[in-house]
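Beneath this line is the structure, given in structure tokens, with notes to follow.
Counting from 1, the numbers follow the sequence of the chain as shown.
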Amino acid sequence: MTAITDDANETGDRWDDGLIARRAERRTSPDGEPEAEDGGSADGDGHDGHDGPDATTGDEPGADAYGGPLKHRLDALRDLLGLSQARLDGRTLAEAGRVLDEAAARRRLSSRHTVVAIAGATGSGKSTLFNALAGVRIAETGLRRPTTSAPIACTWSEGAAGLLDRLAVPGRLRRRPLAGGDGDEQLQGLVLIDLPDHDSAVVRHREQVDRVLALVDAVIWVVDPEKYADAALHERYLRPLAGHAEVTFVVLNQIDRLPGDAADQVLDDLRRLLDDDGMAVGEHGEPGATVLSLSALTGEGVGELREMVGAFVQERTAAARRLSADVDAAAAALRPVYVADGRTGLHERAREDFSARLADAVGATAAGEAAEREWRRNAGRACGTPWLRLWRWYERTRMPGAASLQPPPPAEDELTARQRVEQAVRTVADEAASGLPVPWAQAVREAAQRGAQGLPRALDELAAREAAAVGERPQRPRWWPAAVLAQAAMTLLQIYGALWLVGQIIGVLEPGIVPPVLVMLAGIVGGPLVEWACAAAARGPARRYGQDVRRRLHEAAAGCGRAKVLDPVAAELMRYREVRERYATVSGPAATGAGGTRARTRARIG
């Protein structure tokens with residue numbers, strides 16, 4: 001429960017289980033009961049890791065503390081970190097990983113015990129209060145500073161050795177409240193720790209305070225009338241730990257030094273400072289920090305504190321409350337990397353625009369227009385007059401190879417097409433990444449860029465295949481044979497009229513110029529009319545053929561873009577939605593034990 005923590009806890013189980021987006025299958029014990037992920041049974045065995053008198057057979061660590069919403073939040077946090085390992089750096093996830101490590105370590109230890117640390121500044125009287133609660137002189141008090149150089153523990157019952165080992169309290173500094181007895185019954189299960197001064201001039205003392213505060217279930221902050229407003233206390237501890245209000249006691253000591261109603265005034269000012277720190281004060285039955293005044297030297301108010309601490313310990317919910325607050329703090333710290341600014345996702349309009357851009361880059365419109373012209377050209381060749389086709393053949397024979405000469409495509413056309421593809425990819429990637437937190441937006445852009453590496457080549461192959469298909473003879477409509485037959489008939493009329501006229505000229509046939517001329521005119525006029533009618537009739541089919549080519553090329557380009565760019569982007573967005581759901585579970589309201597109260601500090605998803 002400290003504002004300054006290590007980058008990661010190097011001891012205990014690690015949250016990295018090597019699985020992404022999957023949970024390890026739960027193991028079962030020989031009796032059929034499910035086992036916890038840390039190796040203990042799901043309902044706990046109550047063992048603190050030591051044999052002999054430290055064993056707590058029948059105790060159930062975690063049966064209440066880690067059930068219900070809190071267990072779901074821890075599971076979601078574990079999944080969240082697993083899904084995020086490839087997207088976020090270790091420093092960002094270090095604190096959340098530490099929370100999971102500490103949860104696993106605390107679960108293995110006794111839940112019958114509540115570890116409460118007494119912390120304070122130099123001369124605040126915390127050691128005197130420690131002795132007053134214990135009912136026996138344990139910690140040294142006096143004018144020499146610092147009087148406490150290492151954490152001292154006082155336990156009111158057996159079975160706390162594992163907890164004290166976790167706190168690294170040496171055996172020589174472990175005490176009992178009364179020699180030969182268990183002391184006050186209302187404090188059964190309490191493990192009280194007297195810490196060095198948090199403002200000690202000795203750096204090692206301050207480091208011990210920070211280390212122990214990160215591991216205890218609750219803390220009693222002892223302040224005096226002179227240093228209760230000390231900036232070091234509020235800025236270094238109380239303000240960063242505002243979310244841990246429900247496991248925090250703030251005690252104004254040495255009120256015997258204040259005259260009249262000065263103690264009430266100082267206490268009111270202390271509550272104001274806590275409110276400024278963002279720490280809720282438990283008043284009128286509301287959850288929050290407990291604030292009271294006392295004099296450890298004279299004993300005034302010590303009994304009230306003992307009763308409060310005793311009731312707090314007997315609830316056996318301090319570990320869950322502390323862990324819930326830790327999860328809240330971890331969720332709040334992770335909020336910038338999981339919560340988007342607005343609505344996220346790739347809209348259908350963006351997909352359509354991307355497909356249209358790829359179609360333009362591959363030349364779908366131009367290919368459709370070329371196919372339409374080719375279709376009409378083929379129709380003209382089949383339905384045109386023989387004399388026109390003969391003239392075109394003559395033109396081709398005059399310049400052999402001229403028809404096969406095609407101007408090479410400009411080099412800048414290919415460059416422009418590739419630039420269009422790159423621009424289309426950047427646009428759709430920016431659209432998909434819009435509003436996402438920075439790490440996930442970067443992941444979306446990288447997925448799009450990786451997919452786009454082979455996209456221009458694939459589009460070139462599509463265009464080449466479509467061009468080859470267009471080069472083949474298009475399918476003719478059903479009326480084409482009738483048109484060819486009509487054109488042949490007009491040609492035969494022209495030939496027949498010409499022969500009839502020649503026969504009259506040479507005297508073979510009877511003279512009469514009008515009939516053969518009319519027959520020739522019918523063929524001469526009918527041929528172009530048939531050609532014109534066929535050209536008019538071919539416009540519709542040619543247009544539909546061109547549209548079909550354009551559509552096929554558009555769909556092929558869209559499919560290629562979808563497979564190489566849109567699908568990887570969609571996978572990243574789906575991954576983000578999954579971690580967003582996990583984060584919503586982690587940052588939701590947490591149950592704080594049997595009392596059913598909720599943490600006041602929450603990280604909400606916008």
How many angstroms lie between [atom1] in [X] and [atom2] in [Y], if you round to the nearest 0.5 Å?
X: R206; Y: D197; atom1: CZ; atom2: CG; result: 11.0 Å
X: L163; Y: L109; atom1: CG; atom2: CG; result: 5.0 Å
X: L195; Y: I152; atom1: CG; atom2: CD1; result: 10.0 Å
X: L77; Y: D75; atom1: CG; atom2: CG; result: 9.5 Å
X: R271; Y: L252; atom1: CZ; atom2: CG; result: 9.5 Å
X: D328; Y: S587; atom1: CG; atom2: OG; result: 8.5 Å

Please check if the number of heavy atoms outside M308 that lie under 6.0 Å from its CE is greater than 12.
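Yes, enclosed.
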Test V209 against H205 for side-chain contact (heavy atoms from CB on, under 4.5 Å), laying out the working first.
CA-CA 6 Å; V209 172; H205 292 179; 5.7 Å; no
Parallel, tilted or perpendicular: which one describes the rings of Y237 and W221, with boundaries at 30° and 60°?
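Judged by the thresholds at 30° and 60°, the geometry between Y237 and W221 is tilted.
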For residues [X] and [Y], report the shortest heavy-atom separation together with the two atoms involved.
X: L173; Y: P151; result: CD1-O, 3.4 Å
X: R166; Y: A105; result: NE-CB, 3.9 Å
X: V444; Y: A433; result: CG1-N, 4.2 Å
X: Q254; Y: P225; result: O-CG, 3.8 Å
X: Q314; Y: L187; result: NE2-C, 4.3 Å
X: R322; Y: A214; result: NH2-O, 3.2 Å

Answer yes or no: is there a donor N or O on one side and an acceptor on the other, between the side chain of R91 and the main chain of L88, under 3.5 Å?
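Checked: no pair found.
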So, do [X] and [Y] sit near enough that their side-chain heavy atoms are less than 4.5 Å apart?
X: E158; Y: R176; value: yes
X: T92; Y: L334; value: yes
X: H113; Y: L190; value: no
X: L233; Y: K227; value: no
X: K126; Y: I220; value: no
X: F249; Y: V219; value: no
X: R575; Y: E572; value: yes
X: L294; Y: L129; value: yes

Tell me, with the steps shown, if V266 and D264 meet side-chain contact (heavy atoms from CB on, under 4.5 Å).
CA-CA 5 Å; V266 174; D264 293 336; over 6 Å; no
Salt bridge or not for [X] and [Y], using N-O below 4.0 Å?
X: R582; Y: E578; value: yes
X: R257; Y: E226; value: yes
X: D101; Y: R98; value: no
X: R236; Y: D210; value: yes

Could you tell me if T114 and D217 have a donor-acceptor pair between their side chains, going purely by distance under 3.5 Å?
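No pair is found: no donor N or O on one side chain lies under 3.5 Å from an acceptor on the other.
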Any side-chain donor paired with an acceptor under 3.5 Å for D256 and T298?
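Side-chain D/A pair, D256 to T298: absent.
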Tell me, with the steps shown, if V438 and V337 meet side-chain contact (heavy atoms from CB on, under 4.5 Å).
CA-CA 7 Å; V438 174; V337 297; over 6 Å; no
Please step through side-chain contact (heavy atoms from CB on, under 4.5 Å) for the pair L215 and V115, ending with a clear verdict.
CA-CA 9 Å; L215 303 176; V115 183; over 6 Å; no
With a 6.0 Å cut-off on ring centres, are Y576 and Y338 close enough?
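They do not qualify: ring centres at least 6.0 Å apart.
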